[in-house]
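Input: a single structure, listed below in structure tokens.
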Amino acid sequence: MPLPSPLHTLFKLPDTGRPLLFLAPMAGFTNAPLRRICRRRGAALTYTEMVNDVGLLRGAEKTWQLLETFDDEAPVVAHLYGSEPATLAEAAAKVEQTGRFVAIDLNAGCPVHKITANGAGAALIKDPPRIHDILAAMRKAVKLPLTIKTRLGPHPDKVMIFEILAAAESAGADALALHGRFTSQGHGGEVQLDLLAEVKRRAKIPVIGNGGVRSTADAGRMFRETGVDAVMIARAALGNPWIFEEISADLVAGNEPSAADASGARPRRDLADIRETLEEHMASELTLSRLVRERYTLPRHVIDADEALATTFRCHLFRYLHGLKGSSHVRGMLHELRTPAEIRAAVASCLEREAAYRAETPGKQQGCGTENTLGD
Ligand SMILES: Cc1cc2nc3c(=O)[nH]c(=O)nc-3n(C[C@H](O)[C@H](O)[C@H](O)COP(=O)(O)O)c2cc1C
């Protein structure tokens with residue numbers, strides 16, 4: 001991996017001598033708290049959740065809330081979806097005006113029916129001329145770097161990525177993030193590193209590789225076999241934000257992946273780290289929740305920030321505790337956790353059980369299970 005890469009220049013990233021690892025956009029997950037947690041643990045760049053162009057233009061508060069950022073979490077890319085060049089361009093200009101983002105990204109890969117039925121997300125994969133028109137319109141509307149995140153094609157018999165690459169380059173896009181799967185694969189199945197490598201070979205713009213990276217072994221393989229300028233991680237960062245610093249330290253040190261790493265198992269983590277990170281994540285969720293309550297007019301029935309935290313944090317909680325003794329007990333009682341105090345008590349009891357287990361089995365250093373069970 002030659003450093004610095006063109007992406008350092010494009011996104012104005014400091015050259016830390018480490019390979020570039022990015023947090024991928026994930027709807028429902030990559031809000032400001034998760035982004036900041038990952039950023040502080042080595043993600044060089046993060047993406048917002050996907051944000052609809054028309055919602056932004058209508059001034060829909062729910063849509064604008066998705067673009068809230070913390071002052072200390074930069075650099076963040078705003079990730080937009082839509083299907084019309086004019087509305088995407090206008091929305092991109094509004095997003096640029098917020099001054100919060102280092103780049104604007106077009107979603108051309110989301111396979112969810114609600115999105116594709118409106119001609120957005122993965123529907124664009126079948127129509128490179130439309131991708132060209134959208135990116136060209138966005139290019140005219142903004143000065144920020146402009147990127148696209150897409151897939152190889154609709155299904156393995158129809159590779160479209162080379163047409164998409166050509167469309168993106170001729171429209172003036174500055175980088176391409178490629179999930180090395182087809183739309184028909186959803187988020188499962190094999191990632192086609194050979195196609196990713198061929199795209200990188202042909203591309204004049206930097207390429208960010210994505211798909212199936214859960215360990216140093218996976219990331220090292222993607223960098224080595226494809227030559228991509230950066231690797232983007234999605235699911236494996238959930239409940240495991242340390243993955244960025246761990247992979248980059250290993251790659252810099254040239255550490256051979258251990259057997260546990262190669263199998264995708266998480267390393268056995270310090271329990272104090274888990275507790276502190278959970279606390280930090282919860283505190284950030286509360287800060288965001290309060291900020292949203294200050295800045296937006298929420299409907300009257302909306303619950304207070306503490307209660308909202310218990311609801312939104314459940315999806316992170318069991319992932320942080322995944323593989324620990326007592327985690328299944330917490331998972332079983334997730335819906336009963338209604339306040340931060342109840343969450344803390346559940347976490348404490350799980351970590352106590354795990355500590356007791358470790359004290360009984362001090363020699364065991366195996367990992368904590370794999371994080372490959374998340375849905376799309
Ligand atoms: C819950 C979830 C939400 C996602 N939301 C988005 C999204 O909004 N935009 C997008 O381009 N990809 C989205 N993705 C796809 C990821 O960014 C990524 O391409 C995919 O999960 C493969 O990477 P991974 O194997 O590291 O998880 C989402 C994936 C998941 C699991």
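The structure presented is a predicted model; accordingly, all values stated were derived computationally and were not measured. Values below: all heavy atoms of this structure, side chains included; hydrogens, waters and symmetry mates excluded. Just so you know, ligand 1 is whichever comes first in the structure, and atom 1 is the first atom listed for that ligand.
- Under the 3.5 Å distance criterion, with hydrogens and angles disregarded, a donor-acceptor pair is assigned to the side chains of T87 and D53.
- Between the side chains of R214 and N240, no donor N or O sits under 3.5 Å from an acceptor N or O.
- Between H79 and Y47, the angle of the ring planes goes over 60°, which puts this pair in the perpendicular group of the 30/60° scheme.
- At least one N/O-N/O distance between P25 and ligand 1 falls below 3.5 Å.
- In M26, the parts holding a heavy atom less than 4.0 Å from any atom of ligand 1 are both the side chain and the backbone.
- Among the candidates V159, L152, D157, the single residue satisfying the side-chain contact (heavy atoms from CB on, under 4.5 Å) test with H155 is D157.
- Ligand 1 lies out of reach of A236, whose nearest heavy atom is not under 4.0 Å from it.
- Linking Ile, Leu, Val, Met, Phe, Trp and Tyr whenever their side-chain heavy atoms come within less than 4.5 Å puts V207 and I161 in one cluster.
- Using 4.0 Å as the threshold, G211 has a heavy atom nearer than that to some atom of ligand 1.
- Within the listing of ligand 1, atoms 17 (O) sit less than 4.0 angstrom from a heavy atom of A24.
- Numbered from 1 in the order shown, with element, the atoms of ligand 1 that lie under 4.0 Å from a heavy atom of M50 read 8 (O).
- By the rule that hydrophobic residues join a cluster once side-chain heavy atoms approach within less than 4.5 Å of another member, L10 and V102 end up as members of one cluster.
- Heavy-atom separations between E49 and ligand 1 are all 4.0 Å or longer.
- The heavy atom nearest to atom 23 (O) of ligand 1, considering only D218, N210, I148, is found in N210.
- Remark: ligand 1 atoms within the under-4.0 Å shell around heavy atoms of F29 are 1 (C).
- Checking T339 against D306 by side-chain atom types alone, no donor-acceptor pair falls below 3.5 Å.
- Considering backbone and side-chain N/O of G212, one or more are found under 3.5 Å from N/O of ligand 1.
- Ligand 1 lies nowhere less than 4.0 angstrom from a heavy atom belonging to G28.
- Side-chain atoms of R293 and S289 form a donor-acceptor pair, as typed in the model, at a separation below 3.5 Å.
- When heavy-atom distances to ligand 1 are checked against a 4.0 Å cut-off, H179 comes that close only through its side chain, counted from C-beta outward.
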